[in-house]
Amino acid sequence: MSDQNPLVPYLYLLPHAIFFLVFTVYPIALGVWISVHRWDPLADTQPYVGSEFYRNLFLDTPQRDFFWRTLVNTLLFTVISVPLLVITALSLAQLLYRPVLFRAMFRSIFFMPGILSVSVMGILWKWLFDNQSGLVNVILQMMGRPTIPFLTTDGWAWVPVTLGTVWWTIGFNMTLYLAAMGNIPASLYEAAELDGAGGWHKFRYITLPLLQSTTLFVVVTTVLASLQLFGQTQVITGGGPARATQSVIQYITEEAFGNNQFSSATAMSFVFGAIMLIFTAIQFRTMARDAGGPR
Amino acid sequence: MKNISKHALTLTLALGTTLAGAAYTGPKVQLNYLHGFTGPDRPVMEKLISQFNATHPNIEVKAQAQPWGTTWQQLGPLVASGRAPDVVAINEDQITGFAARGALTPLTAAELKSANANTANFFKPLAQTSMYKNVTYGLPLQSSALAMYYNKDLLKKAGVSGVPKNQADFIKAAQACTTDKAGKHPTEAGFDAKNLVTWGAGMPTPWMGGSLAYSVLRQYGGDLVDKQQNADFNSAAANQALQFLVDWIGKYQFSPANATEASEITAFRQGKTCFNFNGVWMLDQYNGQEGLNFGIAPLPKFGSQDAAWGGSSHLTLPKQRANYDKNKRAAALEFISWMTQPAQNLTWTSTGSLPTSQAIAKDKSFDNSKISDLFDALPTVYATSGYPWVAQVRGAWDAAVEAAILGKKTVKQALADGQTEANKQIAQARQSIR
C-alpha cells in the first residue's frame with residue numbers, strides 16, 4: 001500500500017477511532033437514549049418518555065428543587081475555590097522558584113497532600129473541624145472563644161471543604177507554575193533590571209504575561225475539577241447540613257444509585273455537562289485571546 | 001432451665017448441620033457468591049465458606065468480596081445480562097428494592113422446607129425484613145441494632161442508680177449527668193446550656209439522628225410508610241417522637257446543640273457524656289478505650305412500646321437466565337440454609353453481629369458478654385425495609401429530623417415537608433417499580 005493510497009490516513013486513525021467510538025460516542029449516544037426513556041436495567045420495558053426528565057427540572061418536582069440548589073452550591077464552591085487555588089499556587093511558585101533555604105523540602109511538603117485519596121483527606125478535615133471535639137474548636141475553646149458548629153451550619157460548612165481542597169490540590173497547580181517559570185529566559189529579567197525594574201514590576205510585566213498560557217490551562221482545569229466536586233463534600237459534610245454543601249454530582253449519584261432513577265440522573269448529567277461546556281467556552285474565549293494563542 | 005436450653009441448643013445445632021448436609025445430593029456444582037464483608041468480618045466469612053466446602057463435597061462455593069456500594073450498582077446490570085452470581089448478600093435497606101425490581105427470586109415454602117430452612121426460627125422482624133408482598137426473598141445472616149451505651153462512672157457520680165428503662169427515668173438521669181462550667185444542672189436557675197462540661201446524651205444529625213428518631217417513632221406506634229407504602233410520617237406518633245428528641249436540646253437541656261455522630265462518639269470516649277446512642281458495631285471501639293467503664297443496654301421505652309432501629313444482611317438468590325441449572329439453585333438453597341443455621345450464626349457473631357435467632361441468644365458463650373444485655377430486646381428490632389423506595393423515604397425522613405433538630409423548621413413543618421417530598425419521589429418511583 002503506497003502513501004498515495006487515500007485510505008492510509010484513515011487507517012492510521014482507525015485504532016484511535018475504535019476506542020473513541022466505543023468509549024466516547026457510544027456511551028454518549030446510549031446516555032441520550034436512556035434520558036428520553038424510562039430506563040432500568042431490570043425492567044421488562046423501557047418506555048419512551050420524550051423530554052419528561054428534562055422537563056422535570058423546571059416543574060414542581062424534587063429534581064427541580066435539588067438539582068438547581070446543588071448546582072448553585074457547586075458554582076459557589078467554584079467561585080470561592082478557584083481564585084484561591086490559582087492565586088495561592090502562583091504565589092507559592094513565585095516564592096519557591098527563588099533559591100530560598102529548604103526549597104526542595106517546601107516544594108515536596110506542598111505537593112505531598114495531593115497523593116492522598118479523597119477519603120483520607122476528607123476524614124482528616126472532618127476531624128479538624130468537628131463541632132465539639134475538632135482541633136479547631138478545641139483551640140478556640142482554649143483561647144476562651146465560643147466554638148463554631150462548622151459541620152451543621154450553612155456557610156460555615158464550606159470552610160473545611162474549601163480549605164481542605166486547597167490544602168489537598170494546591171501542589172499540582174504550583175508545580176505547573178514552577179515548570180512554566182523555568183521556561184522564562186533569565187535575560188528578560190536582567191534587561192528589566194538594567195532598566196531599573198523592581199520585583200513587582202518584573203512579576204507584573206514579565207512573569208505574569210509569559211505565564212498566561214499556563215494560567216489558562218490552570219484556570220480551565222481547576223474550574224472543571226471544582227465543578228466536579230464530589231468526594232470532599234461526601235466525606236466531610238455528607239452534603240449537609242440539609243443539602244447546603246451537596247454538590248450537583250453528589251445529587252446526580254443519589255438520584256441514580258440511591259433512588260434508582262437512572263434516566264432522570266442521565267438527563268441531569270447532560271444538562272450539567274452543557275453548563276460545564278458553556279463555562280469552558282467562555283473561559284477560552286476571554287483568556288485565550290489574552291494569551292495570544294490560537295482560538 | 002438454662003441447662004435444658006443448652007442441651008436443646010446443642011441438639012438443634014447438631015440436627016441443623018446434619019439435615020442441612022443431607023439436602024443436596026445432585027452432581028457437583030460450583031456456586032459464585034458475592035458479598036460485601038470486606039472488613040475484619042471477611043476472614044470469618046471465608047472460614048465458614050471453607051467449612052461448607054469441606055462438608056459438602058458436591059458443592060464448591062467461590063466467594064467474591066467487594067464493597068456493598070459496588071454490589072448495588074452492579075447487581076441490576078448483572079441480572080439483566082444473565083450473568084448474576086448464584087448467591088448474593090444484600091442489606092436490609094436494599095433488599096426490597098431489588099425484590100420489587102425483579103432482581104431476586106422468591107424462596108418458596110417447598111424450597112425452604114427441602115433445604116431445612118424455617119423462617120419462623122429467626123426473630124420475627126428480622127425474617128420479615130427480607131419479605132416483600134408476603135413472599136420471602138432471603139434468609140438473615142447478620143443482624144445489628146441501635147443500642148444505648150452508658151458510662152457507669154459518670155452515672156454513679158451523678159447519683160443515678162440503675163440504667164433508665166423509660167422516658168421519665170431517662171430524662172431524670174440525663175439531666176443529673178448534665179453540668180455546666182459552674183457545676184449547675186439544667187434543673188437549676190442560672191444553668192448555662194452553651195457551656196456544658198458533661199451532658200446526658202447528644203441528639204445528632206443526620207443519619208444517626210434519623211435512625212434514633214425512627215426507633216422512637218416505632219416506639220410511639222408509628223412507621224415511615226402506610227399499608228399502601230406511601231410516606232406516612234406526618235403523623236401524631238412522628239410529631240410526638242420528634243418533639244421529644246428536639247426537647248433534649250431546648251426543653252430538657254441535656255444535649256448540646258449541633259451534636260454530630262462523631263462528636264458524640266468522641267465525647268463518650270472522653271467520659272463527657274453519660275449516654276451514647278449508636279450501633280452495636282461501636283462495642284469493639286469502646287471496649288478498647290482505656291479507662292472507659294461502660295455498659296450497653298436496649299433503648300429505654302421513650303414511647304408506648306419497645307423498639308429500636310436494626311440493620312441486617314440477607315442471603316438471596318438472584319434471578320438467572322432461562323436455562324439456569326436447577327442443580328445450582330438447589331445447591332444455592334443448601335448453602336444459604338447452612339450459612340444461616342444456628343451453628344454458623346454462632347461463629348458469625350464473633351464479627352460483632354447480633355444473634356439472628358432465640359436459639360443462639362441463649363448460648364452460654366454470651367453469659368459473660370456485655371452484648372447479651374441487649375438480647376431481650378432483639379424481637380423488637382425493626383429495619384427500614386419492606387418497601388422498594390427506602391432511599392427516598394429515609395432521605396426525606398433524615399432531612400426532616402435534621403431540620404427540626406437544628407431548629408431550621410418546627411417539628412410539624414419539617415415532617416409535613418418531608419412527607420410531601422417523599423411522596424413526590426414515591427410517585428415517580430412507582431412508574432418504574434411494580
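To find a chain, count down the sequence lines: A is the first, B the second, and so on, and within it residues start at 1. Predicted model only: the values in this text are computed from it and were never measured.
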Rounded to the nearest 0.5 Å, how far apart are CD1 of Ile433(B) and CD of Gln261(A)? 7.0 Å

Might you confirm whether atom OH of Tyr26(A) has over 12 heavy atoms from other residues, nucleotides or ligands at distances under 6.0 Å? no

Ala399(B), Ser263(B), Ala80(B): which one forms the most heavy-atom pairs within less than 4.5 Å of chain A? Ser263(B)

Examine whether an atom of Asn56(A) lies under 4.5 Å from a heavy atom of chain B, and if so say whether it belongs to the side chain, the backbone or both; otherwise answer neither. side chain

Should we say atom CH2 of Trp156(A) is surrounded by more than 12 heavy atoms from elsewhere, each under 6.0 Å from it? no

With only heavy atoms counted, which part of Pro206(B) is less than 4.5 Å from chain A, the side chain, the backbone, both or neither? neither

OG1/Thr260(B) to CZ/Phe150(A) distance, rounded to the nearest 0.5 angstrom? 13.0 Å

Around Phe279(A), counting heavy atoms of other residues, nucleotides and ligands shown, do more than 12 lie under 6.0 Å from its CZ? no

Looking at OG of Ser133(A) and CZ of Arg269(B), how far apart are the two atoms once the value is rounded to the nearest 0.5 Å? 10.5 Å

Please give me the minimum heavy-atom distance between Ala391(B) and Gly258(A), naming the atom from each residue. CB-O, 3.1 Å

Distance (rounded to the nearest 0.5 Å) between Gln425(B) CD and Gln63(A) CD: 6.0 Å

Is it true that atom NZ of Lys424(B) has more than 12 heavy atoms of other residues, nucleotides or ligands lying nearer than 6.0 Å? yes

Let me know if Phe262(A) has heavy atoms under 4.5 Å from chain B in its side chain, its backbone, both or neither. side chain

Backbone N or O of Asn258(B) within a donor-acceptor pair of the Asn131(A) side chain at under 3.5 Å? yes

For the CZ atom on Phe191(B), are there more than 12 heavy atoms of other groups (residues, nucleotides or ligands in this structure) within a distance under 6.0 Å? yes

In terms of heavy-atom proximity below 4.5 Å to chain A, should Glu421(B) be classed as side chain, backbone, both, or neither? both

Would you give the length of the straight line joining atom CG of Asn260(A) to atom CZ of Phe98(B), rounded to the nearest 0.5 angstrom? 6.5 Å

Contact origin within Lys194(B) toward chain A - heavy atom pairs under 4.5 Å: neither

How about Gln132(A) and Pro256(B): do any of their side-chain heavy atoms sit closer than 4.5 Å? yes

Neighbour count above 12 (heavy atom, 6.0 Å) for Lys126(A) NZ: no

Contact class of Ala403(B) relative to chain A, heavy atoms under 4.5 angstrom: neither

Check whether more than 12 heavy atoms from other residues, nucleotides or ligands sit under 6.0 Å from atom NZ of Lys408(B), and answer yes or no. yes

Options Phe66(A), Trp39(A), Trp127(A), ranked by heavy-atom pairs under 4.5 Å with chain B, top entry: Phe66(A)

At a heavy-atom separation under 4.5 Å, does Asp40(A) approach chain B through its side chain, its backbone, both, or neither? side chain

In terms of heavy-atom pairs under 4.5 Å, which option from Gly240(A), Ser264(A), Pro241(A) contacts chain B the most? Pro241(A)

Between Asp130(A), Asn259(A), Asp65(A), Thr147(A), the one whose heavy-atom pairs under 4.5 Å with chain B are most numerous: Asn259(A)

Given a strict heavy-atom distance threshold of 4.5 Å, which part of Ala257(B) is in contact with chain A: side chain, backbone, both, or neither? backbone

When you compare the side chain of Pro62(A) with that of Gln428(B), does any pair of heavy atoms fall below 4.5 Å? yes

Leading residue by heavy atom contact count with chain A [cutoff under 4.5 Å; candidates Val390(B), Thr420(B), Asn195(B), Thr266(B)]: Thr266(B)

